[in-house]
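One structure is given below, encoded as structure tokens.
Both counts, for ligands and for their atoms, begin at 1 and track the order of listing.
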Amino acid sequence: MAESMKGLKRSCRCAEVTEANVGQELTLMGWVQKSRNKGGIIFTDLRDRSGLIQLIFEENDCGAESFAKAEKLRSEFAVAVTGVVEKRSGAANPNLATGTIEVRAKALRILSESEVPPFPIEENSRTREELRLQYRYLDLRRPDLQRNIMTRSRVATMVRQFLSDEGFLEIETPTLIKSTPEGARDYLVPSRVHPGSFYALPQSPQLLKQLLMCSGFDRYFQLARCYRDEDLRADRQPEFTQIDMELSFVDVDDVLDVNERLLKKIFKEICNFDVPLPIQRLTWREAMDRFGSDKPDMRFGMELKNVSDVVKGCAFAVFAGALEQGGSVRGINAAGQAGMPRKKIDALVEYAKGFGAKGLAYLAILPDGSYKCSFGKFMSQDELTALVEAMAGKPGDLLFFAADKDKVVFDVLGNLRLELARQLDLLKKDEFKFLWVTEFPLLEYSEVEGRYVAMHHPFTMPMEEDLPLIDTDPGAVRAKAYDIVLNGTELGGGSVRIHQADVQEKMLEVLGFTKERAKEQFGFLLEAFQYGVPPHAGLAYGLDRIVMLMVGADSIRDVIAFPKVKDASCMLMEAPSQVEKKQLDELGIAIVLPEKDGERE
Ligand code: ASP
């Protein structure tokens, strides 16, 4: 029978009890981790979000009634116990913060009983994730998830405190907004009052925060829920939280400066890690050239080298062909890996093909200085030696080369570099290497759309010196855009915004907007820019990703209380779900389901 809280007050949490409390009477509440009846004496581990403490029930201390209740205790019963803190009579448990003490119970209330849970509530669960997500409220009782969610709360509090101290105002922006065509796919919400019209859930508060700058709020931040209807990956969710900010009367350095100090503070307090300041900066161009990635993992070297000039004119058709097509030949040096078995090399070649490589050339420098090389018969010894020298190859090293269009070469070698680091165990979870990547291209050409699209978003400021190129060579224009990268993960990004109406109009024109469509989509912003808009810039972090890296979780789901799974559904609530016809009728919506295979005529 469930008992009430009448007359009871919790003294503290379980793991807050220490040896200093020995002799005191306390009341603790929580869940039974496990209970062992040794005949006449019952040992129960009581758990709450702080941890565990051992309870001891003996009839002499707690009376017959409480003892009878204690005999019934099973895992996950919610209980309240009043008792006296003692030094442990038996051996101390070094694995427990409260391992040297126990509580001799005087009274027990069973606040509610529990069914046998579908999986054990324990650290590092081996239960499959689908089942855990279906019973997420039980999954969340597990200590590792409890720690993650508590860390997340601390990070959020610290961010609020830091930014408030820096003069930022926390301002909420609406989540029912206008759908805009740039960026990812919107989640839409039908309007009942305006049948046939839709709100969109924000992909980010971008335009609204820019309007707040027009309004003079100067420094804004928000822990903003954002929604993107994209296919899910390990570190993506359809809804996620951004630490979103915007500042007026600033340029790139001002944004980077305040954010470096924010990162330093939270990583010190949460991870006891001192972020060395200033954080290293690489331009996008340099990041691509040296690491084949716009979010390079800086925990290890293995940098790419452009050997196009060295192999120019060689007889190896793969290299020569790539150069003829305007591509490049680049390599990486897996130092000390010359002995890598053929099977492993073949697997890496296959891996590279997954990123668009037609193949991967390799050259092992054997201990005696001779070469074992997949393309040796196409090149002279001198050519090979020049190549090895260019790669700073030493006996024992293994060199890989990719030859293709730049984009493919970067993708292949950038990913190969990471794969090698994983295989060689170079990626330490407790090492944090931050990096700013700056000067991103303003635009990238979309083959699918047959036009240029904004690499960051259409409100990003081109670099002043590149502005003249915007009509003649749009792909070469660099932007005042920056990403903050940690261990190869993009934590966040932002840019200086265009604050000149004419530049903004030009940008929209390059993106293929007619004047009418630009007005229809962004008219409110363009109009706002006619009333004294301050130069402004901002940045947004993915809070989920930051916490994930801080706690060393493998998945973003481990730091979100109620995450969605791969097909964007919530296994707990079973969302999305069908709704009643009446609801659809009110919205003027008729459902047309796609035909299933086989049902087609
Ligand atoms: N709104 C941008 C984003 O979500 C961030 C920014 O530019 O501030 O990526």
Side-chain angles (χ1 to χ4, degrees), residues 159 163 168-175 177-187 200-214 217-230 235-248 250-259 262-263 284 294-295 436-444 453-463 478-486 489-499 504 507 511 521-522 525 533-546 556:
V159 166
L163 291 176
F168 286 76
L169 301 170
E170 183 168 7
I171 306 178
E172 287 157 286
T173 52
T175 51
I177 63 168
K178 184 183 171 82
S179 176
T180 54
E182 291 292 301
R185 201 179 290 117
D186 280 331
Y187 274 99
L201 301 179
Q203 294 185 29
S204 86
Q206 183 61 37
L207 299 181
L208 293 155
K209 67 175 174 174
Q210 290 193 242
L211 290 177
L212 288 172
M213 295 303 104
C214 293
F217 288 108
D218 212 84
R219 288 184 161 212
Y220 137 97
F221 84 97
Q222 180 179 198
L223 301 192
R225 309 311 311 282
C226 303
Y227 305 83
R228 292 181 194 175
D229 190 0
E230 292 175 307
D235 57 352
R236 280 228 177 114
Q237 284 277 310
E239 55 178 309
F240 57 97
T241 307
Q242 281 190 343
I243 304 169
D244 189 43
M245 66 183 75
E246 194 76 10
L247 303 79
S248 288
V250 293
D251 210 334
V252 174
D253 285 348
D254 305 288
V255 181
L256 270 45
D257 169 66
V258 73
N259 278 286
L262 169 65
L263 289 168
W284 179 87
D294 60 3
K295 43 178 191 302
W436 289 109
V437 178
T438 62
E439 300 182 13
F440 274 77
L442 182 70
L443 302 157
E444 68 187 326
V453 295
M455 189 134 171
H456 186 48
H457 51 56
F459 317 102
T460 297
M461 178 86 104
M463 289 183 62
R478 293 165 300 163
K480 287 192 163 187
Y482 33 76
D483 272 1
I484 179 75
V485 176
L486 170 57
T489 298
E490 178 201 329
L491 285 189
S495 58
V496 175
R497 323 301 182 187
I498 299 169
H499 74 281
Q504 186 65 69
M507 178 73 178
L511 293 174
Q521 291 295 334
F522 307 113
L525 185 77
V533 51
H536 56 291
L539 180 140
Y541 296 93
L543 174 63
D544 314 282
R545 286 192 196 174
I546 294 187
I556 209 162

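For Asn259 (side chain) and Leu256 (main-chain N/O), no donor-acceptor pair under 3.5 Å exists by modelled atom type. With hydrogens and angles disregarded, a donor-acceptor distance shorter than 3.5 Å links the side chain of Gln222 to the backbone of Thr173.
Scored by the ring-ring contact (aromatic ring centres under 6.0 Å, His included) test, His457 finds Phe459 as partners (sequence neighbours excluded). Every residue meeting the salt bridge (Lys or Arg N to Asp or Glu O under 4.0 Å) condition with Glu239, not counting sequence neighbours, appears here in chain and number order: Arg225, Lys564.
Taking every non-hydrogen atom of His457 and a distance limit under 4.0 Å, the qualifying atoms of ligand 1 come out as 7 (O). Residue Lys209 has at least one heavy-atom neighbour below 4.0 Å for each of these atoms of ligand 1: 6 (C), 8 (O). The distance from ligand 1 to the heavy atoms of Gly494 drops below 4.0 Å at these ligand atoms: 6 (C), 7 (O). Taking every heavy atom of Ser204 and a limit of under 4.0 angstrom, the matching atoms of ligand 1 come to 1 (N), 4 (O).
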*Gln504 and Arg497: side chain to side chain contact (heavy atoms under 4.5 Å, CB included), yes or no, with the steps?*
CA-CA 9 Å; Gln504 186 65 69; Arg497 323 301 182 187; over 6 Å; no

*Would you please test Val437 and Glu490 for side chain to side chain contact (heavy atoms under 4.5 Å, CB included) and show each step?*
CA-CA 10 Å; Val437 178; Glu490 178 201 329; over 6 Å; no

*Trace of the side chain to side chain contact (heavy atoms under 4.5 Å, CB included) decision for Leu263 with Tyr541*: CA-CA 11 Å; Leu263 289 168; Tyr541 296 93; 3.8 Å; yes

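Nearest non-hydrogen protein atom to atom 5 (C) of ligand 1 is Gly493 O, 3.5 Å. At the top of the distance list for atom 1 (N) of ligand 1, counting protein heavy atoms only, stands Gln206 OE1, 2.7 Å.
Relative orientation of the Phe440 and Trp284 rings is tilted, given thresholds of 30° and 60° on the angle between their planes.
The proximity of His456 to ligand 1, defined as any non-hydrogen pair under 4.0 Å, is limited to the side chain. Residue contacts with ligand 1 for Arg228 involve side-chain atoms from C-beta outward but no N, CA, C or O (heavy atoms, distance under 4.0 Å). For Glu490, no heavy-atom contact with ligand 1 is shorter than 4.0 Å. Contact annotation: for Leu539 versus ligand 1, heavy atoms closer than 4.0 Å belong to the backbone alone.
Residue contact check for ligand 1: Gln242 places a non-hydrogen atom closer than 4.0 Å to it.
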